[in-house]
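Okay, so here's the structure we're looking at.
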Amino acid sequence: MSAPIIKIDGISKSFGTFKVLDGLSMQVMPREKLALIGPSGSGKTTILRILMTLERIDSGHIQIDGEQLYHMERNGQLLPADERHLARMRQKIGMVFQLFNLFPHKSVIDNVTLAPILTKGIPRAAAEKRAMELLDMVGMADKAKAMPAQLSGGQKQRVAIARALALQPRIMLFDEVTSALDPELVEEVLNVLWRLCSETDMTMLLVTHEMGFAHDFADRVLFFDRGKIVEEGKPDEIFRNPKQERTQGFLKKIIAAGHRV
Amino acid sequence: MSAPIIKIDGISKSFGTFKVLDGLSMQVMPREKLALIGPSGSGKTTILRILMTLERIDSGHIQIDGEQLYHMERNGQLLPADERHLARMRQKIGMVFQLFNLFPHKSVIDNVTLAPILTKGIPRAAAEKRAMELLDMVGMADKAKAMPAQLSGGQKQRVAIARALALQPRIMLFDEVTSALDPELVEEVLNVLWRLCSETDMTMLLVTHEMGFAHDFADRVLFFDRGKIVEEGKPDEIFRNPKQERTQGFLKKIIAAGHRV
Amino acid sequence: MTQWSGYFGLIMQGALVTIELTLMGSVLALIMAFLAGLGRLSRFFAIRALATAYIEFFRGTSIFVQLFWAYFVLPFIGISLTPLQAGVLALGLNVGAYAAEVVRGAIQSIGREQYEACTALNLGRWQGMRHVILPQALLVMLPTFGNNAIELLKATAVVSLISLADLTFQAQVVRSQTGNTLVPFTTILIIYFVLALIISWGVRSLERRMARGLDGVRV
Amino acid sequence: MEWDWNFVWEIMPTLIQGVKITILATLLGSVLAAIVGLAIALARRSPNKGLSRTVGFLAEFIRGTPLLVQLYFIFYVLPDIGILLPPLVAGVIGLGLHYGTYTAEVYRAGIENVPRGQWEAAKACNLNARQTWTHIIMPQAIPPMIPALANYFIAMFKETPLLSAITVLELMNQAKSVANTYYRYVEPMTLVGAFFLVISLFSVVLLRWLERRYGKIER
Amino acid sequence: ADDSKLEELKAQGFARVAIANEPPYTAVAADGKVSGAAPDVAREIFKRLGVNDIVASISEYGAMIPGLQAGRFDVVTAGLFMKPERCAAVVYSEPVLCDAEAMLVKKGNPKGFKSYEDVAKDATATIGAPGGGTEEKLALTAGVPRDRVIVVPDGQSGLKMLQDGRIDAYSLPVLSINDLVKKANDPNLEVVAPVVGAPVYCDGAAFKKGDEALRDAYDVELAKLKESGEFAKIIEPYGFSAAAAMSTSRDKLCSAK
Ligand SMILES: Nc1ncnc2c1ncn2[C@@H]1O[C@H](COP(=O)(O)OP(=O)(O)OP(=O)(O)O)[C@@H](O)[C@H]1O
Ligand SMILES: Nc1ncnc2c1ncn2[C@@H]1O[C@H](COP(=O)(O)OP(=O)(O)OP(=O)(O)O)[C@@H](O)[C@H]1O
Ligand SMILES: [Mg+2]
Ligand SMILES: [Mg+2]
């Protein structure tokens, strides 16, 4: 068995006096598809944002692909990471946001090519060719010249996925990528995720409220509550036969609210 | 059999060049509970807004309780309604919005008492007594002094329902009253609707994406598409055995997206 | 240089005039702001046109011209104002025109859904405005009103040009009587700044009091 | 006192001289204000607390005190420490500094109005700080600033009459000089007012256009 | 109707007087009390006319006549020298304060100015003068182009601009200049007085057209004051010459070309 690609080791994170994560540890294997579920405010988004280096951690260690994320070695000493180290580490990770965060002043194709051209120095023509392949994959090739404002939510989200893929990260983070969408648009995006999941060997972490999707998609499900992993396991175990009371309660509520599991 | 309380007769409505409703007709009986379902943009909200006089119609007629809504008779002539006529007609109708629309600068109880005091001249003491009964009914009596900003979405929506009930309308309109809520909060509001539905003899029109709730709650379901009624019938007929292809497709998508029917 | 204390008294007299002007000007500006701001949202064309004309005219012509007009030209059509009246009139009308746009903008910034909630609750136009829209809009206006008041305070310096013995004017007098420029001007700069601080502090605490409860903690 | 058209034509050339200076002062002042504002905005964002606080306080001070007094200061007090500026230069510096404190706020708001998600998306795309500024933040921040900046430049234009206090022969000063020569105030003051009104009405049209063109970014 | 103005003032108990912010014509003490040659004379005469007090407001020179016309003041006593155009715009009393013109220049008079014409001849020279004042007009008539006559708001500003080298000369009446120099206490300044070719001017109390009756009453008391010698007692401490005022008349000054 190979080494974990993400290794989180006793990390803590507070906002002001409020402790969101308290000594959390977890590991993710290469090519694993991981679903993170749990009630609102339990810290799911925070974990993804920490991995994307959008938030700093207060203590603990994270290793990505065998390398420290927030620390770097210099002459045998472990120092806090500088911006250069972080930038290098970020190349391995991509993220798709709940609210898409497309660049509104750039066309669809420019959104996808901007980072490869700027950060990898890929020539524009090559970048655009690759971008068109990605847009084709997410079914947005015909909208390459459109501006984000002209797209529906589901279309925006698909472009956002293509944009993240363009940097060819080894790990992709998805944060409730369907929850800002109308029910009918959710399908479009889930379809793209299905394809991605079956066709690539990226490691994927997915925060979602779509229990049905989490069930079918994930190799492993983590149930979070108050910054702790309450329960984890194969989707069938978690959804059909949750062991913890908290998990049972959560799933019951979700079902009562009309969601299919 | 009694006369319909709402009688919609060939109404049309356009926004700019876009025709939302095109010669729509329908009737609602007193005490009927009606669910309006259909894809996004099909005109469900528009119908409720027209009944609440938040939008004008371009042509057609609406009768509420035997009286013209947008027209008034003067010396045997049918004239466009003036503000006084509309105000009188509005007394029969209450509406609860998707985004609650509470008054943020007024406490919960003031939200509920404001309109009765101002529009019906009810003394403050009496209005507050009645408001407390309503807040009690929606399970919000203990938050009477709270400000809306201190409430969760589900709590806000329950206050909004109490506020609309305080004017004792004969018809209540609910526009996707749960869709802005976190899954876990939806339940609170649905519970209130259940009670309302079983305890009062108000006529209720409910636009919803909660198919399960629509199924159990409604006497009759209307399926809309592009401003037309595509199919209507008892909930069991519509959900278990839809006749129209469009309805079948819609329900299939909703199921695929993880909603329970 | 024993007279400094006396001259300082002179400057304080000027400060009183400046405060008086600022207060009275602000009151006039506030009245005009609501009249014209609500006027611009009126259903009646004539009222809208009148309010728009007032706003564009007073924002368009410089405060100086308005001041000189109020002081030197109005008497020719039979309206003779004391310098103080002319100053208050020009400042109040000028700043009122700017504040009117603040009133209008704040009212329009209140979301359509609040108006719709009013309709759904069958509140009349004025009832909705009075109980629902204005209380919320007021909070939006307040910070900008604070800035407007500071603008007005600063504009009072201009009235020294029509011989009203305000702070700046008194500094000029002290300067020509003593031959010293640095001391009187530094003094009044500090006084103006302190007055501006008092205004913004006052507005902020008012704002805090009014905002109480609007962004409480979600329980 | 009657309106005298002959007199109007007689003084027109003199007033036009003044108009030129007024416009020149406004243009130079605007350029300076744009630069000063940017410098202030950047200094206030600086991680160096000493720098950002000092600049912040100075900007507050300049914004809280009248431009007229600042002009006196620049023109009559600075020479004592060896800084001798020609009137127009002193005037432009006064305008530029004063309005720079306003444009700084425009820059700040413009930058802060770019949603946090854009910074985060830029990071997730692995852009560095410079790339983030030039490709993501500035292109979104600048267009909505343009109408706000223009607004302040128009306000500055209306304050140029203050330069008469430091002997700049702009429009207002020319008008006063004419008035003093002939002992007639009505015509020159009215002409000055009309001139400001005309330019302002034009600039309102320009502003509306700028707002439509640049005011909103569609998301 | 002619006497009505005086009756009005009596009833009101005070007269509104416009003065300039220019010592020694006027002075404002540290306690804010207005004194100086012109207001002191006016105060005395009005007292004799039965108007108990004067309320003085300081005004720019340029604003005095319009202010008078607009009814803002009842009288101007501010060193507003009599000149034919002005005599046409207002009605003057008999002369009160007389003074010649002076120029303030740098020590040693580097440009050798003796007259306004000298300033006109030197193409680089600039001269400062109060806006709407006599000196501005004298300089312009002497041929100094408009852009070299700098309109200076007040005496201190003029002094400062000269010290700072912004202007080459600053022109005011002799006594005003002397007062400025005394306060400035600056050895690098020099006074050129009187300016060659510039007439000696006298001011008078200026009334609005139509107030001739009031002016005549004022003249009567002024004449008495001059005769009794009290006039000299009031103005001479300020440096003005009573003899000069008594040696000329309004008619002479107003018809001078
Ligand atoms: N920048 C911040 N400042 C303060 N508190 C924060 C901040 N970001 C997150 N939090 C708090 O941290 C907690 C965890 O937030 P997080 O967004 O990770 O939850 P989540 O599990 O993603 O919830 P949801 O399902 O609602 O998205 C919440 O209580 C939230 O209020
Ligand atoms: N004020 C408006 N101006 C222009 N178009 C509008 C306006 N309001 C609604 N529409 C359009 O009318 C159509 C019907 O809108 P409506 O809100 O009634 O749909 P709906 O059935 O309630 O959809 P949803 O399920 O998304 O709420 C939509 O295409 C919408 O874009
Ligand atoms: Mg989250
Ligand atoms: Mg809707």
Side-chain angles (χ1 to χ4, degrees), chain C residues 18 52-53 55-77 94 98 101 147 150-161 166-169 171-172 175 180-200, chain D residues 1-3 22 57 60-81 98 102 105 151 154-162 164-165 170-173 175-176 179 184-204:
Chain C
T18 293
T52 309
I55 291 170
E56 294 301 351
F57 180 82
F58 278 91
R59 292 200 312 172
T61 51
S62 171
I63 174 83
F64 288 88
V65 185
Q66 289 155 23
L67 202 57
F68 276 86
W69 249 74
Y71 194 61
F72 290 116
V73 180
L74 280 190
F76 289 116
I77 57 168
N94 183 277
Y98 284 92
E101 288 294 84
N147 292 342
I150 292 177
E151 293 301 318
L152 197 147
L153 165 72
K154 292 194 294 175
T156 58
V158 175
V159 303
S160 64
L161 301 180
D166 75 319
L167 257 184
T168 305
F169 186 85
Q172 295 281 17
R175 175 178 180 232
N180 189 312
T181 305
L182 182 66
V183 175
F185 281 166
T186 309
T187 312
I188 65 166
L189 271 182
I190 292 170
I191 294 177
Y192 276 116
F193 185 55
V194 169
L195 291 177
L197 285 183
I198 292 172
I199 292 176
S200 53
Chain D
M1 197 172 259
E2 250 111 70
W3 182 265
T22 293
F57 177 81
E60 282 299 309
F61 188 88
I62 293 175
R63 209 148 34 118
T65 52
L67 177 56
L68 178 62
V69 185
Q70 290 161 6
L71 289 173
Y72 282 131
F73 219 85
I74 295 173
F75 196 65
Y76 295 119
V77 178
L78 285 192
D80 291 345
I81 54 167
H98 196 85
Y102 288 98
E105 291 300 304
N151 204 2
I154 292 166
M156 173 191 297
F157 164 73
K158 280 176 275 187
E159 278 211 82
T160 50
L162 283 179
S164 66
E170 46 62 67
L171 178 59
M172 190 74 180
N173 215 358
K176 276 200 278 183
R184 295 189 68 105
Y185 257 67
V186 180
E187 290 88 352
M189 283 310 146
T190 307
L191 286 177
V192 174
F195 168 75
F196 275 104
L197 190 60
V198 167
I199 298 261
S200 296
L201 290 181
F202 271 118
S203 53
V204 167

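FYI, side chains are in, hydrogens and waters are out, and symmetry mates aren't considered; it's all heavy atoms of this structure. No experiment lies behind these values; they were computed from the predicted model shown. Within every chain, numbering begins at 1; the chains are lettered A, B, ... in the order of the sequence lines, protein sequences first and strands thereafter.
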Practice task
Against chain D, label C:Thr186 side chain, backbone, both or neither, depending on which of its atoms sit under 4.5 Å from a heavy atom there.
Solution key: both

Practice task
Counting only heavy atoms closer than 4.5 Å, note whether C:Leu189 contacts chain D via side chain, backbone, both or neither.
Solution key: both

Practice task
Report the distance from atom CG of C:Leu197 to atom CZ of D:Phe61, rounding to the nearest 0.5 Å.
Solution key: 9.5 Å

Exercise for the section: First locate atom CZ of C:Phe64, then atom CD of D:Glu159, and finally report the distance between them rounded to the nearest 0.5 Å. Expected result: 6.5 Å

Completion exercise
Interface check, chain C: of D:Val204, D:Thr190, D:Val192, most non-hydrogen pairs under 4.5 Å belong to D:Thr190

Under 3.5 Å, which donor-acceptor pairs do the side chains of residues 71-78 of chain D form with other protein atoms, sequence neighbours left out?
residue, atom, partner, partner atom, Å
D:Tyr72, OH, C:Gln172, NE2, 2.6
D:Tyr76, OH, E:Ser157, OG, 3.3

Completion exercise
Rounding to 0.5 Å, atoms OG1 (D:Thr65) and CD1 (C:Ile191) come to a distance of 12.5 Å

Handout entry: D:Lys158 NZ to C:Gln66 CD distance, which is reported to the nearest 0.5 Å
Key = 9.0 Å

Handout entry: Heavy-atom proximity to chain C below 4.5 Å, by part of D:Met172
Key = side chain

Handout entry: Residue D:Thr160 versus chain C: region with a heavy atom under 4.5 Å
Key = neither

Fill in the blank from the handout: Between the OG atom in C:Ser62 and the CG atom in D:Leu162, the distance rounded to the nearest 0.5 Å is 7.5 Å

Problem - salt bridge (charged side-chain N to carboxylate O under 4.0 Å, His left out) contacts in which one or both residues fall within residues 61-77 of chain C, not counting sequence neighbours - result: none

Handout entry: Part of D:Leu67 within contact of chain C (heavy atom distance under 4.5 Å)
Key = neither

Completion exercise
Cut-off 4.5 Å, heavy atoms of chain C, and the answer for D:Leu197 is both

Exercise for the section: Please state whether the side chain, the backbone, both or neither of C:Phe58 comes within less than 4.5 Å of a heavy atom of chain D. Expected result: neither

Exercise for the section: Measure across C:Ala157 and D:Pro66 and return the closest heavy-atom pair with its distance rounded to 0.1 Å. Expected result: CB-CB, 3.6 Å

Exercise for the section: Pick one of side chain, backbone, both or neither for D:Phe202, based on which atoms fall under 4.5 Å of a heavy atom in chain C. Expected result: neither

Problem - Sub-4.5 Å side-chain heavy-atom contact between D:Phe195 and C:Val65 - result: no

Problem - Region of C:Leu182 in contact with chain D, defined by heavy-atom distances below 4.5 Å - result: both

Practice task
Considering non-hydrogen atoms only, spot the tightest contact between D:Arg63 and C:Lys154 and give its length.
Solution key: O-NZ, 2.9 Å

Exercise for the section: Using non-hydrogen atoms and a 4.5 Å limit, figure out which bit of C:Arg59 sits close to chain D: side chain, backbone, both or neither. Expected result: both

Exercise for the section: Would you give the length of the straight line joining atom CE of D:Met189 to atom OG1 of C:Thr61, rounded to the nearest 0.5 angstrom? Expected result: 13.0 Å

